[in-house]
2 protein chains.
Amino acid sequence: MRMTNQREIILKELQKSRQHLTADELYERVKKFMPRISLATVYRNLETLSEAGIIGKLEISGRQKRFDYDVHVHDHIYCLQCHRVDNIEFGRNLVDHGSITSAQGYRITGYRIEFKGVCASCRKNPPQDKESTHE
Amino acid sequence: MRMTNQREIILKELQKSRQHLTADELYERVKKFMPRISLATVYRNLETLSEAGIIGKLEISGRQKRFDYDVHVHDHIYCLQCHRVDNIEFGRNLVDHGSITSAQGYRITGYRIEFKGVCASCRKNPPQDKESTHE
DNA sequence: CTTAGTGCAAACTGTTTGCAGAGGG
DNA sequence: CCCTCTGCAAACAGTTTGCACTAAG
């Protein structure tokens, strides 16, 4: 894996954001430093970086992919109003690992927990448009 | 909500399948009885039925939507090889409900657990194509 | 009758890909 | 100098929408 200029900027921007950005959010940020970069390059690099285990890929139920600056095992919580995603540390502690190795013929290899709720800033701020609390 | 012919057949087919079908899988099945039905109608009806609480909508991380004949609260397990989805009953028992009401500023309103693994039939049958075990 | 629902085609969103040229090692 | 990576445009998959017509109640 070559460390190209675009690759490096994409990675740095994701890490410094400390957020779970989508490809196009990242594209917007990276464009400020590199106006001619293409969205395809952003997608390709995010894929490459996550395959290399340098970043995480986050597939929250039914929504756009997001990418995670933090690769250690943890769970996520997302806001039903603004769709931001945050890390949650205690998720794994809630689950009794021992009992989950198989069920109805499956060999279970893993699980994910996704919490949902309303984030601090959405709790303060009015939900401006009537249709923001879907799902 | 009118109970149209198409609505009724879509619902019946989903229920009798006892599976978690995607819109186009259902479309293929319904077409056998109603060859002129359109995919858009299937989408619209699945949406309507799930809003009415008659079926469930299943948004498994990063994949196509699936619809659930079973509306009672339960979790899901999906096969990494063939992507089928099954119900899992014991998921909720593993989690200590009490402690999850808030975290880092969020008001938590719910959570979902998604187990992954290899289903019984994929464990028997060879994984024919080399690229079947992605994610 | 009235108005929700339908079929069709076209639009849309998020993502991927083919290609010819550029630049990292 | 080679070959991975890039930018661009076009393709793609899943889903949604505008419209004029149909049918449920």
Side-chain angles (χ1 to χ4, degrees), chain A residues 1-14 20-52 54-68 78 83-85 129 131-132 134-135, chain B residues 1-14 20-52 54-68 78 83-85 131 134-135:
Chain A
M1 187 177 83
R2 290 183 187 166
M3 190 44 72
T4 61
N5 235 295
Q6 17 283 85
R7 192 108 85 203
E8 199 174 351
I9 296 185
I10 289 167
L11 180 57
K12 289 237 173 86
E13 280 301 300
L14 178 60
H20 303 79
L21 301 177
T22 61
D24 54 285
E25 284 166 351
L26 217 23
Y27 172 61
E28 289 307 322
R29 291 175 188 224
V30 170
K31 257 202 307 199
K32 285 174 187 137
F33 303 94
M34 201 172 239
R36 303 197 51 83
I37 198 172
S38 95
L39 180 55
T41 299
V42 176
Y43 272 106
R44 276 187 286 230
N45 278 322
L46 289 170
E47 199 55 42
T48 307
L49 289 165
S50 74
E51 270 167 19
I54 298 170
I55 62 173
K57 182 162 46 163
L58 215 75
E59 310 190 286
I60 287 287
S61 47
R63 304 206 66 81
Q64 225 174 328
K65 282 179 194 156
R66 288 178 179 273
F67 293 86
D68 196 341
Y78 66 93
H83 308 301
R84 67 171 288 148
V85 176
D129 58 342
E131 245 312 89
S132 45
H134 38 179
E135 166 166 32
Chain B
M1 186 177 83
R2 289 182 188 168
M3 189 46 70
T4 61
N5 235 296
Q6 16 283 85
R7 192 109 85 204
E8 198 173 353
I9 296 184
I10 289 168
L11 179 57
K12 289 235 173 90
E13 278 303 300
L14 178 60
H20 303 78
L21 301 176
T22 61
D24 52 285
E25 284 166 352
L26 217 25
Y27 172 59
E28 289 308 322
R29 291 175 188 224
V30 170
K31 257 203 306 200
K32 284 173 188 136
F33 303 94
M34 202 172 238
R36 304 197 51 83
I37 197 172
S38 95
L39 181 55
T41 298
V42 175
Y43 272 106
R44 276 187 286 229
N45 278 321
L46 289 170
E47 199 54 42
T48 307
L49 289 165
S50 75
E51 271 166 21
I54 298 171
I55 63 173
K57 181 161 47 163
L58 215 75
E59 310 190 287
I60 288 287
S61 47
R63 304 206 66 83
Q64 224 175 328
K65 282 178 195 157
R66 289 180 178 271
F67 293 86
D68 197 341
Y78 66 94
H83 307 302
R84 65 173 288 149
V85 175
E131 245 312 89
H134 38 182
E135 169 168 26

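Letters A, B, ... mirror the listed sequences (proteins, then strands); counts begin at 1.
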Trainee: Both Q64(B) and R2(B) contact DNA chain D. Which one's nearest nucleotide lies toward the 5' end?
Mentor: Q64(B)
Trainee: Using heavy-atom distances to pick each residue's nearest nucleotide on DNA chain D, tell me which of A40(B) and T4(B) is more 5'.
Mentor: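 Its nearest nucleotide lies further toward 5', so the answer is A40(B).
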Trainee: Which of these nucleotides, dG7(C), dC5(D), dG7(D), is closest to any side-chain atom of I37(A)?
Mentor: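 Among dG7(C), dC5(D), dG7(D), the one nearest the side chain of I37(A) is dG7(D).
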Trainee: Once you round to the nearest 0.5 Å, how far does CD of E8(B) lie from CG of N45(B)?
Mentor: 11.5 Å
Trainee: Look at the side-chain N and O atoms of S38(B) and state whether any lies under 4.0 Å from the OP1 or OP2 oxygen of dC8(C).
Mentor: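 For S38(B), the contact criterion (side-chain N or O under 4.0 Å from OP1 or OP2 of dC8(C)) is not met.
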Trainee: Please report, rounded to the nearest Å, how far the C1' atom of dC5(D) is from the CD1 atom of I9(A).
Mentor: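 My rounded result for the distance is 15 Å.
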Trainee: Do M34(B) and N5(B) come within less than 4.5 Å of each other through their side chains, counting heavy atoms only?
Mentor: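 Of all side-chain heavy-atom pairs linking N5(B) with M34(B), at least one is under 4.5 Å.
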Trainee: Side chain of R44(B), base of dG7(C): donor and acceptor closer than 3.5 Å?
Mentor: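 Such a pair exists between side chain and base.
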Trainee: Identify which nucleotide among dC8(C), dT15(C), dT16(D) has an atom closest to any side-chain atom of R36(B), counting heavy atoms from C-beta outward.
Mentor: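 Looking only at heavy atoms from C-beta outward on R36(B), the closest nucleotide is dC8(C).
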Trainee: Mind checking if Q6(B) touches a base, just sugar-phosphate, or nothing, with heavy atoms under 4.0 Å?
Mentor: sugar-phosphate
Trainee: Has the side chain of T48(B) got a donor or acceptor atom that lies under 3.5 Å from a matching backbone atom of R44(B)?
Mentor: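 Looks like yes, one N/O pair under 3.5 Å.
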Trainee: Hey, is the side chain of Y43(A) poking within less than 4.0 Å of OP1 or OP2 on dT15(C), counting only N and O atoms?
Mentor: yes
Trainee: Nearest whole angstrom, please: distance from the P of dT15(D) to the CZ of R66(B).
Mentor: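 These atoms are roughly 10 Å apart.
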Trainee: Please state whether the phosphate of dT6(D), meaning OP1 or OP2, lies under 4.0 angstrom from any side-chain nitrogen or oxygen of N5(A).
Mentor: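 No, because none of the side-chain N or O atoms of N5(A) sits under 4.0 Å from OP1 or OP2 of dT6(D).
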Trainee: Looking only at side-chain N and O atoms, does K65(B) come under 4.0 Å of OP1 or OP2 in dT16(D)?
Mentor: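 Answer is yes, contact under 4.0 Å.
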Trainee: Run through V30(A), L21(A), T4(A) and flag the one making a side chain to side chain contact (heavy atoms under 4.5 Å, CB included) with I10(A).
Mentor: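 Filter result, single survivor: V30(A).
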Trainee: With respect to the side chain of L39(A), which nucleotide from dT6(C), dG7(D), dT15(C) is positioned closest?
Mentor: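 Of the options given, the side chain of L39(A) lies nearest dT15(C).
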Trainee: When the distance from CG of L21(B) to C1' of dG14(D) is rounded to whole Å, what number comes out?
Mentor: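 Taking CG of L21(B) and C1' of dG14(D), I get 16 Å after rounding.
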Trainee: How many angstroms lie between OH in Y78(B) and CZ in R63(B), if you round to the nearest 0.5 Å?
Mentor: 8.0 Å
Trainee: In whole Å, what is the span from the CD atom of E8(B) to the P atom of dG5(C)?
Mentor: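 Interatomic distance, CD of E8(B) to P of dG5(C): 14 Å.
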Trainee: Could you state the atom-to-atom distance from CG of L46(A) to C1' of dT15(C) in whole Å?
Mentor: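 Spelled out: CG on L46(A) to C1' on dT15(C) is 12 Å.
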Trainee: Whole angstrom is fine here: how far is it from CG in L49(B) over to C1' in dG5(C)?
Mentor: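 To the nearest whole Å, that distance equals 12 Å.
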Trainee: For the pair made of CZ in R7(A) and P in dA22(C), what is the distance, rounded to whole Å?
Mentor: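 It works out to 19 Å between those atoms.
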Trainee: Taking CE from M1(B) and C1' from dA23(D), how many angstroms apart are they, rounded to a whole number?
Mentor: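 Going from CE in M1(B) over to C1' in dA23(D) covers 16 Å.
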Trainee: Is D24(B) touching bases, backbone alone, or none of the nucleic acid, heavy atoms closer than 4.0 Å?
Mentor: nothing
